[in-house]
Student: 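Pasting in a structure now, in structure tokens, and then I'll have a few things to ask.
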Amino acid sequence: MPLAETHATDLELLAQTRRQLLGMLEEHSLEQLNRIPAGFNNNLIWNAAHCWVTQVLLTRGLGQLGFDLPEEFVATYRKGGAPGKDVTAEELEFIREGLRESPNELARDLDAEDWTNFKPYRTSYGASMANISEAVRFNNAHEAMHLGVMLAQRKLV
């Protein structure tokens with residue numbers, strides 16, 4: 001059975017989470033998206049972009065397939081990154097597009113790419129991933145956690 005078919009439920013959950021993230025970006029001004037609420041070290045837009053970057057790192061990155069995101073962008077939004085400057089309207093559109101398209105790209109990649117070189121990884125969350133299937137599943141938990149953070153942050157911006 002093709003991987004994308006095997007992961008149809010996981011991919012639909014990812015798409016639903018992304019719709020939630022994108023909806024939150026639509027509901028707030030650029031100023032609100034960039035505001036870091038008291039008690040937090042990041043903001044709404046950082047959390048949304050972090051979800052996209054992490055998905056790419058957990059799948060194509062650990063699959064050793066490479067990806068074409070700019071290095072500075074990855075450094076800002078990967079684990080341990082932080083907002084360094086306000087996101088512009090152009091950057092916001094880049095992030096929106098990535099959030100919209102990356103679930104479709106992942107679905108295509110699952111069947112089109114060779115995942116035999118997947119590099120096992122243990123997250124700071126304590127989850128271990130030995131293959132692409134485990135990475136896809138963990139990514140959904142990761143994005144749900146950040147969606148929860150964003151739901152809290154939106155009340156403070």
Side-chain angles (χ1 to χ4, degrees), residues 4 7-63 65-110 113 121-129 132-157:
H7 288 288
T9 302
D10 296 316
L11 292 168
E12 179 49 40
L13 182 57
L14 174 60
Q16 180 58 33
T17 303
R18 293 298 179 82
R19 286 190 287 275
Q20 296 289 322
L21 296 176
L22 286 161
M24 209 169 307
L25 297 183
E26 294 296 324
E27 294 167 6
H28 293 85
S29 69
L30 190 56
E31 179 185 337
Q32 290 172 310
L33 294 173
N34 279 302
R35 187 175 301 137
I36 299 174
F40 290 88
N41 60 5
N42 55 44
N43 52 30
L44 288 167
I45 193 64
W46 186 92
N47 278 283
H50 172 74
C51 287
W52 172 29
V53 166
T54 299
Q55 179 217 314
V56 171
L57 292 173
L58 290 175
T59 57
R60 293 194 63 86
L62 292 177
L65 298 172
F67 49 88
D68 61 359
L69 291 175
E71 283 182 42
E72 183 179 332
F73 185 80
V74 172
T76 298
Y77 295 106
R78 73 179 313 141
K79 180 181 175 358
K85 60 179 178 55
D86 282 354
V87 169
T88 65
E90 293 78 24
E91 291 167 322
L92 175 58
E93 188 49 42
F94 176 70
I95 292 166
R96 284 181 178 146
E97 183 68 17
L99 288 167
R100 276 191 295 268
E101 291 303 317
S102 58
N104 300 326
E105 292 167 359
L106 176 59
R108 287 189 299 271
D109 286 350
L110 286 172
E113 299 291 352
Y121 181 72
R122 183 169 177 84
T123 71
S124 59
Y125 189 77
S128 294
M129 294 168 278
I132 187 59
S133 293
E134 292 172 358
V136 169
R137 287 189 190 104
F138 174 77
N139 184 69
N140 281 337
H142 175 262
E143 292 205 15
M145 180 181 67
H146 282 278
L147 177 58
V149 169
M150 291 173 70
L151 289 169
Q153 288 180 328
R154 77 178 180 173
K155 296 180 181 208
L156 303 172
V157 297

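Keep in mind that the numbers below use all heavy atoms, side chains included, and drop hydrogens, waters and symmetry copies.
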Student: Kindly compute the distance separating CG (Leu33) from CD (Glu26), expressed to the nearest 0.5 Å.
Tutor: 9.0 Å
Student: For salt bridge (charged side-chain N to carboxylate O under 4.0 Å, His left out), just list the numbers for Arg19 and Glu12, CA-CA rounded to whole Å, side-chain angles, deciding distance to a tenth of an Å, and then say yes or no.
Tutor: CA-CA 10 Å; Arg19 286 190 287 275; Glu12 179 49 40; 2.7 Å; yes
Student: With side chain to side chain contact (heavy atoms under 4.5 Å, CB included) as the criterion, how do Leu69 and Trp52 come out once you've worked through the C-alpha distance, each side chain's angles and the decisive distance to 0.1 Å?
Tutor: CA-CA 10 Å; Leu69 291 175; Trp52 172 29; 3.4 Å; yes
Student: Just by distance, do the side chain of Gln32 and the backbone of Leu44 share a donor-acceptor pair under 3.5 Å?
Tutor: no
Student: Sequence neighbours left out, what pairs pass salt bridge (charged side-chain N to carboxylate O under 4.0 Å, His left out) with at least one residue falling in residues 33-62?
Tutor: Glu31-Arg35, Arg60-Asp109, Arg60-Glu113
Student: State, to 0.1 Å, how close Leu151 and Arg154 come at their nearest heavy-atom pair, and which atoms those are.
Tutor: O-CG, 3.2 Å
Student: Would you indicate whether the side-chain heavy atoms of Leu147 and Met24 approach each other to under 4.5 Å?
Tutor: yes
Student: Please determine if Glu93 and Arg100 form a salt bridge, counting it only when a charged side-chain N lies under 4.0 Å from a carboxylate O.
Tutor: yes
Student: Got a second to check how far Phe94's CZ is from Leu99's CG, nearest 0.5 Å?
Tutor: 10.5 Å
Student: Can you check side chain to side chain contact (heavy atoms under 4.5 Å, CB included) on Glu105 and Val56, steps first, answer last?
Tutor: CA-CA 10 Å; Glu105 292 167 359; Val56 171; over 6 Å; no
Student: Over 60° means perpendicular and under 30° means parallel, so classify the ring planes of His50 and Trp46, tilted if in between.
Tutor: parallel
Student: Assess, by modelled atom type and distance only, whether the side chains of Ser102 and Gln55 contain a donor and an acceptor separated by less than 3.5 Å.
Tutor: yes
Student: I need the Asn43 CG to His28 NE2 distance, nearest 0.5 Å.
Tutor: 11.5 Å
Student: Tell me the closest heavy-atom pair linking Glu143 and Leu21, and the distance in Å.
Tutor: OE1-CD1, 4.0 Å
Student: Could you give me the CA-CA distance, side-chain angles and deciding distance for Thr59 and Ile132, then say whether side chain to side chain contact (heavy atoms under 4.5 Å, CB included) is met?
Tutor: CA-CA 6 Å; Thr59 57; Ile132 187 59; 3.7 Å; yes
Student: Show the nearest heavy-atom pair for residues Leu62 and Met129, with the distance to one decimal.
Tutor: CD1-CE, 4.4 Å
Student: Can you name the closest pair of heavy atoms from Ala49 and Tyr77 and give their distance?
Tutor: CB-CD2, 3.4 Å
Student: Any salt bridge linking Glu134 with Arg137? Criterion: basic side-chain nitrogen under 4.0 Å from a carboxylate oxygen.
Tutor: no
Student: Rounded to the nearest 0.5 Å, what separation is found between the CG atom of Leu58 and the NZ atom of Lys79?
Tutor: 11.5 Å
Student: Could you tell me which non-hydrogen atom of Gly98 sits nearest to which non-hydrogen atom of Pro103, and how far apart they are?
Tutor: O-CD, 4.5 Å
Student: Quick one: NE2 on His142 to OG1 on Thr17, what's the gap to the nearest 0.5 Å?
Tutor: 12.0 Å
Student: Rounded to the nearest 0.5 Å, how far apart are CG of Leu30 and CG of Asp86?
Tutor: 7.0 Å
Student: Using side-chain heavy atoms (C-beta onward) and a distance below 4.5 Å, is Leu110 in contact with Val136?
Tutor: yes
Student: Of all the heavy-atom pairs spanning Asp10 and Asn140, show the shortest one and how long it is.
Tutor: O-ND2, 3.0 Å
